**Student:** 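Pasting a structure below so you can have a look.
Below, each value reflects all heavy atoms present in this structure, side chains not excepted, and no hydrogens, waters or symmetry copies. Note that the coordinates shown come from a computational prediction; the quantities given were computed from them, not determined experimentally.
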Amino acid sequence: MAQNISSGKRITLGEGGTALVFAVFALFCLVVAANAHTAAYAFHAIIFSAAGVGAVFLIFSNYARRGDALPALTIGGKPNYNYGPVKFTAIAAMIWGVAGFLVGVIAALQLAFPVINFDLPWISFGRLRPLHTSAVIFAFGGNVLIATAFYVVQRTSRARLAGYLSPWFVVLGYNLFIVIAGTGYLLGITQSKEYAEPEWYADLWLTVVWVAFLLVYLATLMRRTEPHIYVANWFYLAFIITIAVLHLGNNAAIPVSVFSPKSYIVWSGVQDAMVQWWYGHNAVGFFLTAGFLGIMYYFVPKRADRPVYSYRLSIIHFWALIFLYIWAGPHHLHYTALPDWAQTLGMTFSVMLWMPSWGGMINGLMTLSGAWDKLRTDPVLRMMVVSIAFYGMSTFEGPMMSIKSVNALSHYTDWTIGHVHSGALGWVAFVSFGALYCVIPWVYNRKGLYSLKLVNWHFWIATLGIVLYITAMWVSGILQGLMWRAYTSLGFLEYSFIETVEAMHPFYVIRALGGVLFLLGSLIMAWNIYKTITATEAASPAGEAALAPAE
């Protein structure tokens, strides 16, 4: 006992300094809440203040529980991996995913049956729609990306995640941003920019969290014991760095006051539109593509137990995608006030993107060479392979829709909605589901998933939902475009706007049904994951996941 007292457990500078910063932050937010211009903004300030107090409590309670020293980087010569943040974000992704899909189903039903709005402002379509997009893209997709990035960078670097508190600041801070953004939409706090609706104070908080994410990732790579940086890490780094640049550029705003949620974007007119779609399309290109390609390049070879088909092609795929994608945004602004040369530039680079995108798809599919038979017995691998096929389909359809003559028909119609969801549900969601099905048994040291049969049910139900959704939107979108451009022999519009809306109704019902099936699949997955985590039978040490190629 005397020896323990003499050793003396001391609080580190990081623990003490972070606790002090959060205490000051909590006090500042209380002052903002007391002087806030609106009740909604005061509510958010109180949430931030409570989060600051909670952070101080967690830091000191963790200090009381930990030993005299911080966790060792290695144990017995092997890396002492930090799976805590991975577990948190994996579970958070599952929870946010179910919530986001549910909101999407409600929004789809509102379009088919407007009475479901119930005349309540908080659940009107205009507020639920950004809640749905942010929940599935940033809450579900973002947590999957953070979970897999923190897992992959440790395993491929053979090094513990850098930092003691910083990884937890990233995962908890990011989910606090999700709470602030989501409740803000329901309360009517928005800057009305596609995929960038949160106001200035939420954006500022996300900037701090994202910089911490980048620093943790880079510091982990710097302490690696594996000399080679595996290709998945390049895609994750491109995603992290580019999203930071896009976020800062598109959200450059001047707040009315520190006590007001309102701000004014520094850009105006067509420049604002150009910056918005430079951001918007590259949020698709780097958040929803580059980051999830990092998942593909790690988890598909891992699950198939095969090396990447062509490592050289993966590097070509990376650099071609990175250099071309950033220029494609103007194709969202065809036939607008944007100069014609800029529209043509966006279209040209969009068409060129078809080549690197399909190079990545081919690389992912050909990785299964010699292992195609596993698709019969492994529904997780089947789900990831189908996601790659959807990636190829979406990255062919997107460049085609950017061509001006095609865009003249497709723009502002449901065809675009079908295209977005073939990528979002087929590519992003399926590869995310596959990654979660892989990583959760690994980090919880389980022999495998609770039930592969449930994964099979999830796969077929969700696939049917996707097919219903995207085919309904393709048909309704093309029908919309044709009805809008139909003229009588006298030169008048043949159809009134309400006639086009009536024609869409059956397709909106089918879309809602597709969404219900996709939601049902995610609920099956949530149950499977829950049963996997709560299983009492752990894997033996020899049963630990084998190192992937280049690990």
Side-chain angles (χ1 to χ4, degrees), residues 72-83 85-86 144-163 166-167 170 213-244 286 289-323 325 356-357 359-371 381 384 388 391 431 434-435 438-439 442-443 544-551:
L73 297 181
T74 59
I75 297 177
K78 295 183 178 180
N80 179 24
Y81 297 126
N82 181 7
Y83 288 150
V86 179
V144 169
L145 287 171
I146 294 173
T148 56
F150 279 170
Y151 181 84
V152 170
V153 73
Q154 292 185 87
R155 300 292 299 195
T156 58
S157 300
R158 293 181 183 171
R160 182 179 174 87
L161 202 60
S166 48
V170 172
F213 182 22
L214 174 61
L215 293 177
V216 169
Y217 201 90
L218 287 174
T220 305
L221 283 176
M222 289 174 66
R223 64 161 53 160
R224 70 187 186 278
T225 58
E226 170 65 42
H228 180 74
I229 299 178
Y230 185 58
V231 66
N233 291 300
W234 288 105
F235 279 97
Y236 280 122
L237 273 176
F239 138 68
I240 297 169
I241 293 171
T242 310
I243 290 300
F286 288 87
T289 302
F292 291 95
L293 285 170
I295 293 176
M296 181 194 81
Y297 273 117
Y298 182 88
F299 288 93
V300 171
K302 190 84 162 180
R303 193 77 187 186
D305 197 24
R306 301 292 298 169
V308 172
Y309 171 67
S310 171
Y311 203 79
R312 180 176 297 174
L313 179 58
S314 71
I315 300 301
I316 296 172
H317 173 211
F318 172 78
W319 287 112
L321 197 80
I322 298 312
F323 277 115
Y325 229 122
S357 298
M361 176 198 66
I362 292 167
N363 212 8
L365 291 177
M366 292 301 291
T367 295
L368 270 78
S369 297
L381 184 61
M384 289 193 283
I388 298 171
Y391 171 65
V431 80
C438 288
V439 81
W442 295 344
V443 297
E544 185 181 348
L547 297 178
E551 280 190 350

**Student:** Hey, what do you get for OG1 (Thr289) to CD1 (Ile322), rounding to the nearest 0.5 Å?
**Tutor:** 9.5 Å

**Student:** Indicate the atoms forming the closest heavy-atom contact of Gly359 with Leu313, along with that distance.
**Tutor:** O-CD2, 3.5 Å

**Student:** Hey, is the main chain of Ser369 close enough, under 3.5 Å, to the side chain of Arg306 for a donor-acceptor pair?
**Tutor:** yes

**Student:** CG of Leu214 to CG of Leu218: how many Å apart, nearest 0.5 Å?
**Tutor:** 4.5 Å

**Student:** State, with a plain yes or no, whether a side-chain heavy atom of Leu237 is found less than 4.5 Å away from one of Leu221.
**Tutor:** yes

**Student:** Please check this pair: side chain of Asn80 against backbone of Ala72, looking for a donor-acceptor N/O pair closer than 3.5 Å.
**Tutor:** yes

**Student:** Does any non-hydrogen side-chain atom of Leu145 lie less than 4.5 Å from one of Ile295?
**Tutor:** yes

**Student:** Mind checking side chain to side chain contact (heavy atoms under 4.5 Å, CB included) for Ile362 and listing every partner two or more places apart, or none if nothing turns up?
**Tutor:** Met366

**Student:** Suppose we screen for side chain to side chain contact (heavy atoms under 4.5 Å, CB included). Which residues come up paired with Ser166, at least two apart in sequence or across chains?
**Tutor:** Val216

**Student:** Just to verify, what does Thr148 make a side-chain hydrogen bond (donor to acceptor under 3.5 Å, both in side chains) with, not counting sequence neighbours?
**Tutor:** Tyr236

**Student:** Would you say Thr156 and Glu226 make side-chain contact, with heavy atoms under 4.5 Å?
**Tutor:** no

**Student:** Does Tyr217 have any side-chain hydrogen bond (donor to acceptor under 3.5 Å, both in side chains) partners at least two apart in sequence or in another chain, and if so, which?
**Tutor:** Asn233

**Student:** With Phe150, which residues qualify under ring pair (Phe, Tyr, Trp, His ring centres under 6.0 Å), at least two apart?
**Tutor:** Phe213

**Student:** Compare every heavy atom of Pro307 with every heavy atom of Thr367, then report the nearest pair and how far apart it is.
**Tutor:** CG2-O, 3.4 Å

**Student:** Which value, rounded to the nearest 0.5 Å, describes the distance between Ser314 atom OG and Phe235 atom CZ?
**Tutor:** 7.0 Å

**Student:** Quick one: list whatever passes side chain to side chain contact (heavy atoms under 4.5 Å, CB included) with Thr74, sequence neighbours left out.
**Tutor:** none

**Student:** Can you sort out the partners of Leu215 under side chain to side chain contact (heavy atoms under 4.5 Å, CB included), two or more places apart, ordered by chain and number?
**Tutor:** Val211

**Student:** Is it true that Tyr311 and His317 have ring centroids separated by less than 6.0 Å?
**Tutor:** no

**Student:** Ring centroids only, cut at 6.0 angstrom: are Trp442 and Tyr83 within range, meaning strictly under it?
**Tutor:** no

**Student:** Who pairs with Tyr325 by ring pair (Phe, Tyr, Trp, His ring centres under 6.0 Å), at least two apart in sequence or on another chain?
**Tutor:** His281

**Student:** Looking only at non-hydrogen atoms, find the nearest pair between Ala232 and Gly294 and report the distance.
**Tutor:** CB-O, 3.4 Å

**Student:** For Asn363, enumerate each residue passing the side-chain hydrogen bond (donor to acceptor under 3.5 Å, both in side chains) test, keeping only those at least two apart in sequence or located in another chain.
**Tutor:** Tyr297

**Student:** Once ring pair (Phe, Tyr, Trp, His ring centres under 6.0 Å) is applied, do any residues pair with Phe239, and if so which ones, sequence neighbours excluded?
**Tutor:** Trp210, Phe287

**Student:** For a quick test of reading the model, state the closest non-hydrogen atom pair linking Ala238 to Thr242 and the distance between them.
**Tutor:** O-OG1, 2.7 Å

**Student:** Between Arg158 and Tyr81, what is the shortest heavy-atom contact and its length?
**Tutor:** CA-OH, 3.7 Å

**Student:** Within the structure provided, determine whether Arg223 and Leu73 are in side-chain contact (heavy-atom separation under 4.5 Å).
**Tutor:** yes

**Student:** Parallel, tilted or perpendicular for Tyr298 and Tyr151, by the 30°/60° rule?
**Tutor:** perpendicular

**Student:** For the side chain of Thr220 and the backbone of Leu161, is there at least one donor-acceptor N/O pair under 3.5 Å apart?
**Tutor:** no

**Student:** Between Ser357 and Leu321, does the side chain to side chain contact (heavy atoms under 4.5 Å, CB included) criterion hold? Intermediate values first, please.
**Tutor:** CA-CA 7 Å; Ser357 298; Leu321 197 80; 3.8 Å; yes

**Student:** Would you name the heavy atoms of Gly434 and Met384 that are closest together and state the gap between them?
**Tutor:** CA-CG, 3.8 Å

**Student:** Determine whether Arg160 and Pro79 make a side-chain contact, defined as any pair of heavy atoms from C-beta on separated by less than 4.5 Å.
**Tutor:** no

**Student:** If you round to the nearest 0.5 Å, how far is CG of Asn82 from CD of Gln154?
**Tutor:** 6.0 Å

**Student:** Between Leu293 and Val431, does a side chain to side chain contact (heavy atoms under 4.5 Å, CB included) hold up when you go through it step by step?
**Tutor:** CA-CA 9 Å; Leu293 285 170; Val431 80; over 6 Å; no

**Student:** Between Phe286 and Ile240, is the side chain to side chain contact (heavy atoms under 4.5 Å, CB included) condition met? List the steps.
**Tutor:** CA-CA 8 Å; Phe286 288 87; Ile240 297 169; over 6 Å; no

